[in-house]
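One structure below.
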Amino acid sequence: MDFDKILKEKQESINANLKSFIPEKGIPKEIYQAMNYSLLAGGKRIRPVLLLTVCEALGGDSKEAMPFALSMECIHTYSLIHDDLPAMDNDDLRRGKPTNHKVYGEAIAILAGDALLNYAHESMLQTSIQKKSLPKYIQASYVISHAAGINGMVSGQVIDIMSQNKSIDIVKLNEMHQKKTGALIEASCLAGCILADDNAHKEVAAGYGKNLGIAFQIIDDILDYTGDPQKLGKSVGQDKQDDKSTFVSVLGMEKSRILAKQYTDEAIVLANEIDKSGFLTYITEYLLGRDS
Ligand code: GRG
């Protein structure tokens, strides 16, 4: 099977659906444009790809799961817009383009992030209300909200900000990344499983996402040292400049690479329990070897 082609088709399908996801009618054009500017700027779409892939592999309908996949991408995009703000990481470049606040100003960028987050929840709830088998949709919405908020990404970001200019140990570093980056990746996999109505694989799907999330973050840390800004679409060396603790600064490059491979191998064992076709394993390996 040509997994590379399947991955590209999935990314294209997500991109095509995202184009009309935000309703234009009745909202100020400034916010509509600012939301779509970052949402449609590119990116790997890895969270929605994971949600749809897990859902399909466990017998679910990816068309039904699509609003949740798109909502997940909106939440991820909001987090990038806010993370780039002067009050946070103060970045100029994201997804190969000037950051949202550089184009629309800080106030609109904050509101565009708020709007993407809220529209994600609105869309998931609207989908849930329209469906007869309400519980699984509500459950998937809950898993995603839980991962995005104070039990996940927001707290991870708080730990990140509070740890700046301090050295933190590996336990704290793991907690920070598990929440900041891992939570949305884990929630994508678990929500895919829930939307497939497969209770038996929930633990495996969450475990897969957890291992993948940490491996993903370690690679992100490595790329901040070794990556090509052109390919990454963002500046590199930022973590060092901001005096942030990363896997590379705490463990060193060699140990970080070994750890990323260990988490990836662990994820692959679980991926094989979810998806016999090998596509999920392919995605997992692709993320380990990525350069963008
Ligand atoms: C503002 C609450 C709040 C949280 C921000 C996501 C995040 C938390 C910060 C982004 C900083 C960062 C580089 C985190 C490392 C991992 C990560 C989320 C990378 C970006 O995700 P990719 O590689 O990006 O999936 P694309 O552009 O491909 O979607």
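Owing to the predicted nature of the structure, the values given are computational and were not obtained by experimental measurement. Whatever order the structure lists ligands and atoms in, that order sets their numbers, starting from 1.
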**Request:** Could you label the plane-to-plane angle of the Y282 and F279 rings as parallel, tilted or perpendicular, counting under 30° as parallel and over 60° as perpendicular?
**Result:** parallel
**side-chain contact (heavy atoms from CB on, under 4.5 Å) partners of D2, counting only residues at least two apart** = D4, K5
**Asked** Would a 4.5 Å heavy-atom cut-off, applied to side chains only, mark K10 and R45 as touching?
**Response** no
Once you restrict both partners to nitrogen or oxygen, which atoms of ligand 1 have a protein partner under 3.5 Å, and how far apart are they?
| residue | atom | partner | partner atom | Å |
| --- | --- | --- | --- | --- |
| ligand 1 | 21 (O) | R47 | NH2 | 3.3 |
| ligand 1 | 23 (O) | K44 | NZ | 2.6 |
| ligand 1 | 25 (O) | R47 | NH1 | 2.8 |
| ligand 1 | 25 (O) | R47 | NH2 | 3.3 |
| ligand 1 | 27 (O) | R95 | NE | 2.9 |
| ligand 1 | 28 (O) | K44 | N | 2.8 |
| ligand 1 | 28 (O) | K44 | NZ | 2.8 |
| ligand 1 | 29 (O) | H76 | NE2 | 2.8 |
| ligand 1 | 29 (O) | R95 | NH2 | 2.7 |

**Item:** Note: R94-D83 ion pair, threshold 4.0 Å (strictly below)
**Value:** yes
**Message:** Test of understanding: with side-chain contact (heavy atoms from CB on, under 4.5 Å), list the residues that count as partners of V103, not counting sequence neighbours.
**Reply:** Y37, P98
**Fill in**
Hits for side chain to side chain donor-acceptor pair (under 3.5 Å) against K102, two or more places apart or cross-chain, chain-then-number order -> none
